[in-house]
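Right, one structure below, let's go through it.
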Amino acid sequence: MKFSVSPVVRRSVEPKRAQDLPKLAQALRNLSKYDNLVQVTTSKSGENIIAGAGELHLETVLHDLEHEFMKDVPIVVSDPVVSYCESIAEETKEVCLSKSRTKLTRA
C-alpha cells in the first residue's frame, strides 16, 4: 500500500539536558524508520524538526518518541507550525490591481 501524504505540521524537538543530545539523534533516526510518514530534518540553526501529516499524528509520534524511543528522557517541544499554501484555482475575467511597495507593479 502506498500513501501520498505530505507533512503539514512541524515541531522542533530538543532534550532538556544537553548530554541527552546523542540519545535524541539516535531516537529520531529510529523514529523515521518506524513511521514512514514522519520527516525528520535538522535546520541550519541546529534545531531538530519533526514534520507530520497532522496535529494528531504528530502528537502520537511525539508520545512514541518520548516514551518508547527516548525511554522517558524529558524533551522540550515547540509549538506546532502549520504550512499554509494557497494557489490560483481558475482565471477570472475581472481586472485585478495590487499595490506594491514601489507602487510601480500592476497585476
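Residue L62 holds its CG atom at 10.0 Å from NE2 of H67, rounded to the nearest 0.5 Å. Note that CG of L28 and CD1 of I49 are 11.0 Å apart. Values are rounded to the nearest 0.5 Å. If you take CD on E14 and OG on S78, they are separated by 8.5 Å, rounding to the nearest 0.5 Å. Atom OG of S32 is separated from atom CG of L37 by 12.0 Å, given to the nearest 0.5 angstrom.
One hydrophobic cluster, built from ILVMFWY side chains closer than 4.5 Å, cannot hold both V40 and V81; they sit in different ones. Hydrophobic clustering places V8 together with V13 (ILVMFWY residues linked when any side-chain heavy atoms are closer than 4.5 Å, directly or through intermediates). Linking Ile, Leu, Val, Met, Phe, Trp and Tyr residues whenever their side-chain heavy atoms come within less than 4.5 Å places V82 and L58 in a single cluster.
Under a 3.5 Å cut-off, the side chain of R11 and the backbone N or O of I50 do not form any donor-acceptor pair.
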Go through the steps to decide whether N30 and D64 satisfy the test side-chain contact (heavy atoms from CB on, under 4.5 Å), and finish with yes or no.
CA-CA 11 Å; N30 292 339; D64 289 345; over 6 Å; no

Can H57 and D35 be said to form a side-chain contact (heavy atoms from CB on, under 4.5 Å), step by step?
CA-CA 10 Å; H57 176 235; D35 190 348; 2.8 Å; yes

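When all heavy atoms are compared, the tightest approach of P15 to D20 is CB-CB, 3.8 Å. Nearest heavy-atom pair, E55 versus P80, reported as atom, atom and distance to 0.1 Å: OE2-CG, 4.3 Å. Closest heavy-atom contact between R10 and P7: NH1-O, 4.0 Å.
Crowding of Q26 atom CD: a count of heavy atoms from other residues, nucleotides or ligands under 6.0 Å exceeding 12.
Among V73, V38, I75, the one residue that satisfies the side-chain contact (heavy atoms from CB on, under 4.5 Å) test with L65 is I75.
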